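For clarity, every value in this text was computed on a predicted model and none was experimentally measured. Each residue takes its place number in the sequence, starting with 1.
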Amino acid sequence: MQPELQLFGVGATFRPDGKVPLEVLRDVSIALDTGELVAIVGRSGSGKTTLLNIAGGLMRPTAGRVEWQGTDTTSLTVTELSRMRRALIGFVFQGAGLLPQLTAQENVALPSLSGSSVRDGHDRSIELLRMFDLEARAKHFPAELSAGEQQRVGFARALFTGAPTPH
């Protein structure tokens with residue numbers, strides 16, 4: 001059986017001053033199976049966020065390749081990569097990344113704007129808010145939620161497209 005995610009010799013180099021290259025990642029290879037839990041740890045500036053951005057298709061590596069379910073994402077067009085990312089990957093950013101003008105329920109249902117019906121989006125978002133004990137906060141805006149509640153709304157949105165739910 002093929003791993004869900006594989007990185008092969010991934011590297012990332014930046015030129016923050018336009019001159020001196022800064023190598024953030026060098027020759028990173030990893031294979032992860034569906035349902036596998038992995039923690040990425042390291043000091044500030046060690047490349048954790050860059051690695052996650054590359055693995056999640058938010059940025060391209062400067063070396064190596066990334067495969068999701070056997071598809072080489074480094075060879076996909078921006079549109080193809082966006083479609084794959086939307087279907088397979090749920091992101092939860094440190095700051096939750098909620099849109100302030102949308103309610104908690106609308107933030108969770110945001111992925112439904114790209115495909116499923118509005119009714120399906122409403123039902124799925126309420127189901128996910130219930131799973132995170134936030135159903136009563138569905139009509140509240142991010143500014144009316146605690147930081148922890150905002151983070152849980154972010155988790156609910158990340159699971160919206162059908163990513164595996166935690167047990």
Side-chain angles (χ1 to χ4, degrees), residues 1-14 24-42 46-100 102 104-118 120-132 134 142 147-167:
M1 184 158 157
Q2 184 167 329
E4 184 77 11
L5 168 66
Q6 288 185 277
L7 279 64
F8 300 92
V10 166
T13 302
F14 298 101
V24 179
L25 298 174
R26 180 186 320 131
D27 197 27
V28 177
S29 296
I30 189 169
L32 301 173
D33 293 319
T34 301
E36 192 169 354
L37 181 63
V38 175
I40 299 173
V41 296
S46 63
K48 300 178 301 290
T49 299
T50 299
L51 178 63
L52 292 172
N53 285 338
I54 289 171
L58 293 175
M59 67 183 289
R60 306 244 187 208
T62 53
R65 74 180 198 278
V66 177
E67 289 185 5
W68 273 94
Q69 297 180 341
T71 299
D72 182 355
T73 64
T74 53
S75 66
L76 298 177
T77 67
V78 172
T79 302
E80 292 168 332
L81 182 57
S82 179
R83 279 191 199 114
M84 180 174 230
R85 190 174 45 241
R86 196 170 37 242
L88 297 178
I89 304 168
F91 290 97
V92 181
F93 297 98
Q94 188 171 349
L98 303 180
L99 297 177
L102 300 180
Q105 185 271 320
E106 291 166 336
N107 266 286
V108 173
L110 201 56
S112 71
L113 298 177
S114 66
S116 66
S117 75
V118 173
D120 291 344
H122 178 269
D123 293 349
R124 174 81 172 138
S125 62
I126 294 299
E127 171 191 327
L128 287 164
L129 287 170
R130 186 177 303 122
M131 186 174 83
F132 285 96
L134 289 168
E149 289 171 329
Q150 289 180 33
Q151 199 70 29
R152 291 181 355 236
V153 170
F155 276 108
R157 183 175 59 198
L159 295 173
F160 185 89
T161 58
T165 53
H167 300 290

Any donor-acceptor N/O pair, Arg152 side chain to Ala147 backbone, under 3.5 Å: no
Within-4.5 Å side-chain heavy-atom neighbours: Phe14 and Thr62: no
Flag side-chain contact, heavy atom, 4.5 Å: Asp72 against Leu76: no
Flag side-chain contact, heavy atom, 4.5 Å: Asp33 against Glu4: no
Straight-line distance of Thr50 OG1 to Leu58 CG, nearest 0.5 Å: 11.0 Å
Side-chain donor-acceptor contact under 3.5 Å, Gln2 with Gln69: no
Atom pair OG1/CG of Thr13 and Leu25 - distance to nearest 0.5 Å: 8.5 Å
Heavy-atom donor-acceptor pair, Asn107 side chain to Leu98 backbone, under 3.5 Å: no
Expected output: side-chain Arg85 to main-chain Gly57 donor-acceptor under 3.5 Å: yes
Closest approach of Met131 to Leu159 (non-hydrogen atoms, all atoms of both residues): CE-CD1, 3.5 Å
Flag, side chain of Ser125 to backbone of Val108, donor-acceptor distance under 3.5 Å: no
Interatomic spacing from OG1 in Thr77 to CE in Met84 - rounded to 0.5 Å: 11.5 Å
Residue pair Val66 / Val10, side-chain heavy-atom distance below 4.5 Å: yes
Separation between CG of Leu81 and OG1 of Thr71, rounded to the nearest 0.5 Å: 11.0 Å
CG-CG distance between Leu128 and Leu134, expressed to the nearest 0.5 angstrom: 10.5 Å
Donor-acceptor contact below 3.5 Å, side chain Arg157 vs main chain Leu110: no
Any side-chain heavy-atom pair of Phe132 and Val153 under 4.5 Å: no
Crowding at CZ, Phe8 (>12 non-hydrogen neighbours, <6.0 Å): yes
Donor-acceptor contact below 3.5 Å, side chain Gln150 vs main chain Pro142: yes
Test item: Leu32 and Val38 side chains (from C-beta on) under 4.5 Å apart, heavy atoms: yes
Thr73 side-chain N/O to Glu67 backbone N/O, donor-acceptor pair under 3.5 Å: no
Separation between CZ of Arg65 and CD of Gln6, rounded to the nearest 0.5 Å: 7.5 Å
Any donor-acceptor pair under 3.5 Å from Glu127 side chain to Arg124 backbone: no
Ala31 to Pro3 - nearest heavy-atom pair and separation: CB-CG, 3.9 Å
Closest non-hydrogen atom pair between Ile54 and Ala12, with its separation: CD1-CB, 3.8 Å
Nearest non-hydrogen partners of Gly64 and Pro61, listed with the distance: O-CG, 4.0 Å
